[in-house]
Every structure is written in C-alpha cells, then in structure tokens.
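Order of the sequence lines fixes the chain letters, A, B, ..., with proteins taken first and strands second; residue numbering starts at 1 for each chain. Bear in mind the structure is a predicted one, so any value in this text is a computation, not a measurement.
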Protein chains: 2
Amino acid sequence: MPLSDELLHKIADVLKAMADPTRLKIIHSLHNGELCVSSILEAVGGSQANISKHLSVLKRAGLVDCRREGLNVHYRIIDDGVFTICRNVCDSLEERLDRERAAVVSGRRQMEEEEWGEAVMAPSDGDH
Amino acid sequence: MPLSDELLHKIADVLKAMADPTRLKIIHSLHNGELCVSSILEAVGGSQANISKHLSVLKRAGLVDCRREGLNVHYRIIDDGVFTICRNVCDSLEERLDRERAAVVSGRRQMEEEEWGEAVMAPSDGDH
DNA sequence: TACATCTATCACCAATTACGAATATAGTCT
DNA sequence: AGACTATATTCGTAATTGGTGATAGATGTA
C-alpha cells in the first residue's frame with residue numbers, strides 16, 4: 001500500500017482544518033448538536049468576522065454543514081469522527097505526560113543512585 | 001468541562017504537526033520501526049534539507065524521537081497513537097465518500113422522478 | 001592531519017494564514 | 001420601499017509555513 005499522494009493530501013487537509021484552537025473550540029461547541037452562528041459566537045468568543053471565517057474553513061474542509069432558517073444559519077458537525085480524532089489526540093497527550101512523568105521519576109532515581117542527585121534535587125519541592 | 005485554552009492549544013499543535021502530506025509520509029515510513037534519515041529520504045523523496053526540517057517539526061511536536069548511531073540518526077514514532085489518528089481520519093474520509101455517493105444516487109432518483117432527469121442523465125454512462 | 005559522509009541549520013523567497021476593520025448580502029419587519 | 005438583524009466577504013497586514021541552495025557540524029576513516 002503505497003498510500004497515494006492524493007489521499008495524503010486529503011488527510012492533511014482534514015487535519016489542517018482541525019489544527020487551530022478556535023476551530024477546535026467551535027467543533028466542541030457543536031458537540032451537542034447544531035447551533036446558529038450567534039450561539040457559536042457566544043460559546044467561543046472572538047469577533048463575528050473571525051468566527052464566520054473559521055466556519056467557512058471548516059465547511060470547505062467538509063467537517064461541518066449548515067442550513068439557513070430565517071435570519072440564522074445553523075451549523076452542525078457532519079461526521080462525529082472528528083470527536084473521535086480529538087479524543088485520540090487527547091489520549092496521546094495523556095500518554096505523553098505519563099511517559100514524561102515516568103522519565104522524571106526514573107531520572108531522579110538515577111541521580112540519587114549516582115549520589116549527585118541530592119545537591120540538584122534537594123532545593124526543589126516537586127514538579128512545577 | 002470547559003476545555004482549557006492550553007489543552008486546545010496542545011491538541012492544535014499535534015494536529016498541526018501532522019497536517020502536512022510530507023510529514024504524513026514520513027510518519028508512514030516509520031510505521032514498521034525506526035529509520036535513519038537517509039532511509040526516510042529514500043522512502044519519502046524530496047530534498048535532504050526539507051526532510052530534515054520536517055523531522056525537526058515532528059520532533060518539536062513530540063511525535064518522534066531520535067538517537068545517534070555513528071554517522072546516522074535514527075528516528076522513530078514515540079506514540080503509536082498517531083497511526084490511530086491517521087486511521088480515524090481515513091475512516092472519516094471514507095464515510096464522507098459514502099455519504100456523497102448516497103447523495104448522488106438519491107439526487108439522480110429525484111431528478112428522474114421529477115421527469116427532467118432523462119435529458120440530463122441519459123448521455124452519461126455512470127460515474128467518472 | 002585531511003577527507004568523506006550524514007545530518008542540521010542558515011538565508012532567503014513564495015505562498016498561506018489569522019486577524020481586525022469595513023463593507024456586502026440575505027432575510028425579516030413595518 | 002426603508003430600517004434592522006444575522007451572517008458572509010473583502011481588504012490590508014503581520015506572522016507563519018514550506019520550499020531551495022549553500023553551508024555548518026558531527027562522526028568515521030585513511
């Protein structure tokens with residue numbers, strides 16, 4: 001499976017569309033169902049123009065869809081898979097923290113074993 | 001769960017690091033274990049400087065780690081979670097295709113029902 | 001030492017992106 | 001029609017990104 005350039009590009013496009021804190025916040029705000037722009041604006045904060053632009057990015061990427069209802073436009077997540085992806089990233093981040101914590105612990109132990117840890121570690125009072 | 005800005009930023013950073021076709025290709029090349037830069041270069045293509053820079057991006061984002069062995073530097077994926085994330089994105093893309101195909105089919109049916117489909121659809125001989 | 005190899009970094013350019021301010025558009029109400 | 005509301009788009013700008021060629025650094029070998 002050579003993994004075609006086109007597929008790679010499509011995957012990258014989806015990830016790029018998600019790779020922004022404001023857009024993640026928007027996605028999160030839509031977790032419980034559709035919202036109109038003003039509600040998203042309220043939930044996420046920022047300027048109206050900016051949110052509107054981020055929404056158009058998400059739409060172009062095929063992550064959200066919208067429908068008009070009178071004056072309001074309601075946006076919704078097309079595919080709940082985005083939430084799965086977010087959760088997976090969070091899981092990875094958590095695992096990373098675990099690893100880093102383990103590394104600190106084993107590093108400290110190693111320093112103590114080598115008998116030059118005390119001078120380094122003593123003044124500290126834990127993680128920061 | 002207000003989802004802190006810091007967490008959102010971290011999630012975005014991981015996604016941003018993955019959101020590039022060349023870097024996805026690099027990640028894919030490391031699927032079966034570590035590789036030195038020249039092997040990655042061989043698998044991915046492109047200039048040495050460019051690949052090196054992409055590797056440093058992945059490293060800064062905490063997705064890969066490396067170790068020196070003589071002249072060579074071997075890179076490896078730190079957390080297999082990246083593969084899960086890629087697979088999830090692919091799943092989403094597949095679901096999207098299914099949806100689009102279904103939309104085309106139902107659209108065609110609707111056109112035929114409305115009796116102006118024939119003129120539009122007749123000359124065509126399927127998807128292209 | 002000098003030299004070759006592998007990798008990282010620098011300097012630069014083009015393209016993209018995010019943002020705010022202002023403006024345009026679409027729909028509603030009188 | 002005109003006024004009003006909700007949303008989208010355009011424009012200018014600063015920051016970031018992806019790419020290249022040249023060069024620097026690190027390591028091994030004669």
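- C86(B) approaches M18(B) most closely through the heavy-atom pair SG-CE, 3.7 Å.
- Proximity note for D20(B) (side chain, C-beta onward) versus dG18(D), dC19(C), dT27(D): the nearest is dG18(D).
- Going from atom CG of L15(A) over to atom P of dT16(C) covers 19 Å, rounded to whole Å.
- Donor-acceptor pairing under 3.5 Å, judged by distance alone, is present between the side chain of Q48(A) and the base of dA8(D).
- For A49(A), taking side-chain heavy atoms from C-beta onward, the closest of the listed nucleotides dG21(D), dA21(C), dT5(D) is dA21(C).
- In terms of position along DNA chain D, the nucleotide closest to K53(A) lies nearer the 5' end than the nucleotide closest to the other residue of the pair K16(B) and K53(A).
- Side-chain proximity of N50(A) to dA8(C), dG19(D), dC19(C): nearest is dC19(C).
- The side chain of S52(A) approaches dT7(D) more closely than any other nucleotide in the set dA8(C), dT7(D), dG19(D).
- Under 4.0 Å is where a charged nitrogen must lie from a carboxylate oxygen, and between R101(B) and D98(B) at least one such pair does.
- Following chains of ILVMFWY side-chain contacts shorter than 4.5 Å, one can reach L24(B) starting from L7(A), so the two form part of one hydrophobic cluster.
- Proximity of a side-chain donor or acceptor of S29(B) to a complementary backbone N or O of I26(B) within less than 3.5 Å is detected.
- Summary for the helix from dT1(C)-dA30(D) to dT30(C)-dA1(D): the axes at its two ends, each from 5 pairs, differ by 10° when rounded to the nearest 10 degrees.
- Following rounding to the nearest Å, R60(B) (CZ) and dT17(D) (C1') show an atom-to-atom distance of 11 Å.
- Between S92(A) and V82(B), the shortest heavy-atom contact is OG-N, 4.5 Å.
- Between the CD1 atom of I51(B) and the P atom of dT7(C) there is a distance of 12 Å, given to the nearest Å.
- Between the P atom of dT16(D) and the NE2 atom of H9(B) lies a distance of 11 Å, rounded to the nearest Å.
- Here the side chain of R23(B) pairs no donor or acceptor atom with the backbone of L58(B) at under 3.5 angstrom.
- The shortest distance between the side-chain N/O atoms of H54(A) and the OP1/OP2 oxygens of dC19(C) is below 4.0 Å.
- R68(A) and L71(A) make their closest contact through NH2-O, 3.5 Å (heavy atoms, listed as atom of the first residue, atom of the second, distance).
- The structure places OG of S4(A) at 11.5 Å from NE2 of H9(A), a figure rounded to the nearest 0.5 Å.
- Distance, L58(B) CG to dA8(C) C1': 15 Å, rounded to whole Å.
- Under 4.0 angstrom from either OP1 or OP2 of dA8(C) there lies at least one side-chain N or O belonging to Y75(B).
- Protein atom CZ of R67(A) is 14 Å distant from nucleotide atom P of dA8(D), rounded to whole Å.
- Taking atom CG of residue N72(B) and atom C1' of nucleotide dA26(D), one finds them 12 Å apart after rounding to whole Å.
- Contact annotation for S38(B): backbone-only contact, meaning every heavy-atom pair under 4.0 Å involves sugar-phosphate atoms and none involves a base.
- At whole-Å resolution of the value, NZ in K59(B) and P in dA8(C) are 9 Å apart.
- Between dT9(D), dT27(D), dG19(D), one nucleotide has an atom nearer to the side chain of R68(B) than all others, and that is dT27(D).
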